[in-house]
Peer 1: 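There's a structure below that I have some questions on.
Basis for what follows: all heavy atoms, side chains included, without hydrogens, waters or symmetry-related copies. When a residue number appears, it is its place in the shown sequence, counting from 1.
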Amino acid sequence: MTAEEKQEKLDYRYLRMARIWAENSYCKRRQVGALVVKDKMIISDGYNGTPSGFENLCEDSNNVTLPYVLHAEANAITKLARSNNNSDGSTLYVTASPCIECSKLIIQSGIKRVVYGEKYRLEDGINLMKKAGIEVIYLGEEE
């Protein structure tokens, strides 16, 4: 098995773990999970949801996402700020492609690779990360 094949197997494995982590989200419309991995260690995790201290309710009565709901990537990155870890050179595994706002956080945090499993209709976040030199990999469902 080549180094590329080993890395792809690892990428699929961490992406599966991010999908499982997404199940922690209380959001009804969409559940997203994210893991930050450095040196084959998970150093942070996140899922979409409300900030600490808020009721675990992501949508209003019209099923519209509340404006203060955090994305999974933002949760994982900001959690690093409260730890002794840093994300320089790490890989972010996220179940859905990052939006433009999360892409800015990804760039600023020093993450060098992003592996995602579901495409979003807007690609501005993906394009921004590529422009910043981040390796961006789309992995659909495993064969």
Peer 1: How about Asn48 and Leu70: do any of their side-chain heavy atoms sit closer than 4.5 Å?
Peer 2: no
Peer 1: If you measure from the Lys or Arg side-chain nitrogens to the Asp or Glu carboxylate oxygens, is any gap between Glu118 and Arg30 under 4.0 Å?
Peer 2: yes
Peer 1: What do the steps show when you test Thr95 against Gln31 for side-chain contact (heavy atoms from CB on, under 4.5 Å), and what is the final call?
Peer 2: CA-CA 9 Å; Thr95 58; Gln31 294 181 316; over 6 Å; no
Peer 1: Could you tell me whether the side chain of Asp60 and the main chain of Asn62 form a donor-acceptor pair under 3.5 Å?
Peer 2: yes
Peer 1: Between Asn86 (side chain only) and Asp88 (backbone N and O only), is there a donor and an acceptor less than 3.5 Å apart?
Peer 2: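 Indeed, once roles are kept as given, a pair shorter than 3.5 Å links the two residues.
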Peer 1: Please answer whether the main-chain N or O of Gly125 pairs with a side-chain N or O of Ser103 as donor and acceptor at a distance below 3.5 Å.
Peer 2: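 Yes, because the side chain of Ser103 sits within donor-acceptor range (under 3.5 Å) of the backbone of Gly125.
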Peer 1: Would you check if Ile111 and Ile77 make a side-chain contact, meaning some heavy-atom pair closer than 4.5 Å?
Peer 2: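 The answer is yes; the side chains approach within 4.5 Å.
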Peer 1: Indicate if Tyr138 and Val94 have the same hydrophobic cluster label, given that clusters are the connected sets of ILVMFWY residues with side-chain heavy-atom separations under 4.5 angstrom.
Peer 2: yes
Peer 1: Under the criterion side-chain contact (heavy atoms from CB on, under 4.5 Å), which of Asp124, Ile106, Leu128, Ile134 is the partner of Pro98?
Peer 2: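 Of Asp124, Ile106, Leu128, Ile134, side-chain contact (heavy atoms from CB on, under 4.5 Å) with Pro98 is met by Ile106 alone.
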Peer 1: Would you check if Tyr68 and Pro51 make a side-chain contact, meaning some heavy-atom pair closer than 4.5 Å?
Peer 2: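 In short, these two side chains touch, coming nearer than 4.5 Å.
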Peer 1: Report the C-alpha distance between Cys99 and His71 in whole Å, list the side-chain angles of each, state the deciding distance to 0.1 Å, and finish with yes or no for side-chain contact (heavy atoms from CB on, under 4.5 Å).
Peer 2: CA-CA 9 Å; Cys99 69; His71 288 186; 3.5 Å; yes
Peer 1: Considering non-hydrogen atoms only, spot the tightest contact between Cys58 and Val69 and give its length.
Peer 2: O-CG2, 3.5 Å
Peer 1: Start with the C-alpha distance between Thr50 and Asn56, add both sets of side-chain angles, then the distance that settles side-chain contact (heavy atoms from CB on, under 4.5 Å), and finish with yes or no.
Peer 2: CA-CA 6 Å; Thr50 56; Asn56 288 321; 3.6 Å; yes
Peer 1: Do the side chains of Val36 and Lys79 get nearer than 4.5 Å, heavy atoms only?
Peer 2: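 Result no, sub-4.5 Å side-chain heavy-atom pair not found.
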Peer 1: Between Met17 and Val32, is there a shared hydrophobic cluster once you connect ILVMFWY residues whose side-chain heavy atoms come closer than 4.5 Å?
Peer 2: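 As far as the 4.5 Å side-chain criterion goes, Val32 and Met17 are not connected within one cluster.
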Peer 1: Side chains of Ile126 and Tyr116: does their closest heavy-atom pair fall under 4.5 Å?
Peer 2: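 Yes, their side chains come closer than 4.5 Å.
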Peer 1: Hey, what do you get for CE (Met129) to OG (Ser97), rounding to the nearest 0.5 Å?
Peer 2: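 The OG atom of Ser97 is 7.5 Å from CE of Met129, to the nearest 0.5 Å.
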Peer 1: Mind checking side chain to side chain contact (heavy atoms under 4.5 Å, CB included) for Asp11 and listing every partner two or more places apart, or none if nothing turns up?
Peer 2: Gln7, Tyr93, Arg113, Val115, Ile137, Leu139
Peer 1: Could you give the distance from SG (Cys27) to CD (Glu59), rounded to the nearest 0.5 Å?
Peer 2: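 That separation rounds to 5.5 Å.
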Peer 1: Taking the side chain as everything from C-beta on, heavy atoms only, tell me whether Glu135 gets closer than 4.5 Å to Val114.
Peer 2: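 The answer is no, as the side chains (C-beta and beyond) never meet within the 4.5 Å cut-off.
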Peer 1: Roughly how far, to the nearest 0.5 Å, is the CD atom of Glu73 from the SG atom of Cys102?
Peer 2: 4.0 Å
Peer 1: Are Arg19 and Leu15 side-chain neighbours, meaning at least one heavy-atom pair lies under 4.5 Å?
Peer 2: yes
Peer 1: Please report the interatomic distance CD(Glu5) to CG(Leu10), rounded to the nearest 0.5 Å.
Peer 2: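 CG of Leu10 is found 13.5 Å from CD of Glu5.
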Peer 1: Roughly how far apart are Ile100 CD1 and Leu105 CG, rounded to 0.5 Å?
Peer 2: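 The CG atom of Leu105 is 11.0 Å from CD1 of Ile100, to the nearest 0.5 Å.
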Peer 1: For the residue pair Ile43 and Val37, establish whether any side-chain heavy-atom pair is separated by less than 4.5 Å.
Peer 2: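 Ile43 vs Val37: side chains apart.
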Peer 1: Say you draw a straight line from CG of Leu35 to OH of Tyr14; how long is it, rounded to the nearest 0.5 Å?
Peer 2: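 OH of Tyr14 is found 8.5 Å from CG of Leu35.
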Peer 1: Run the side-chain contact (heavy atoms from CB on, under 4.5 Å) test on Arg29 and Asn63 for me, step by step, so that the C-alpha distance in whole Å, both residues' side-chain angles and the decisive distance to 0.1 Å come before the verdict.
Peer 2: CA-CA 7 Å; Arg29 288 183 57 222; Asn63 204 30; 3.4 Å; yes
Peer 1: Between Lys130 and Val136 (side chain of the first, backbone of the second, donor and acceptor by atom type, cut-off under 3.5 Å), is there such a pair?
Peer 2: no
Peer 1: Identify the two heavy atoms, one from Gly46 and one from Ala76, that lie closest to each other, and give their separation to 0.1 Å.
Peer 2: N-CB, 3.8 Å
Peer 1: Identify the two heavy atoms, one from Ser87 and one from Ser109, that lie closest to each other, and give their separation to 0.1 Å.
Peer 2: OG-O, 2.7 Å
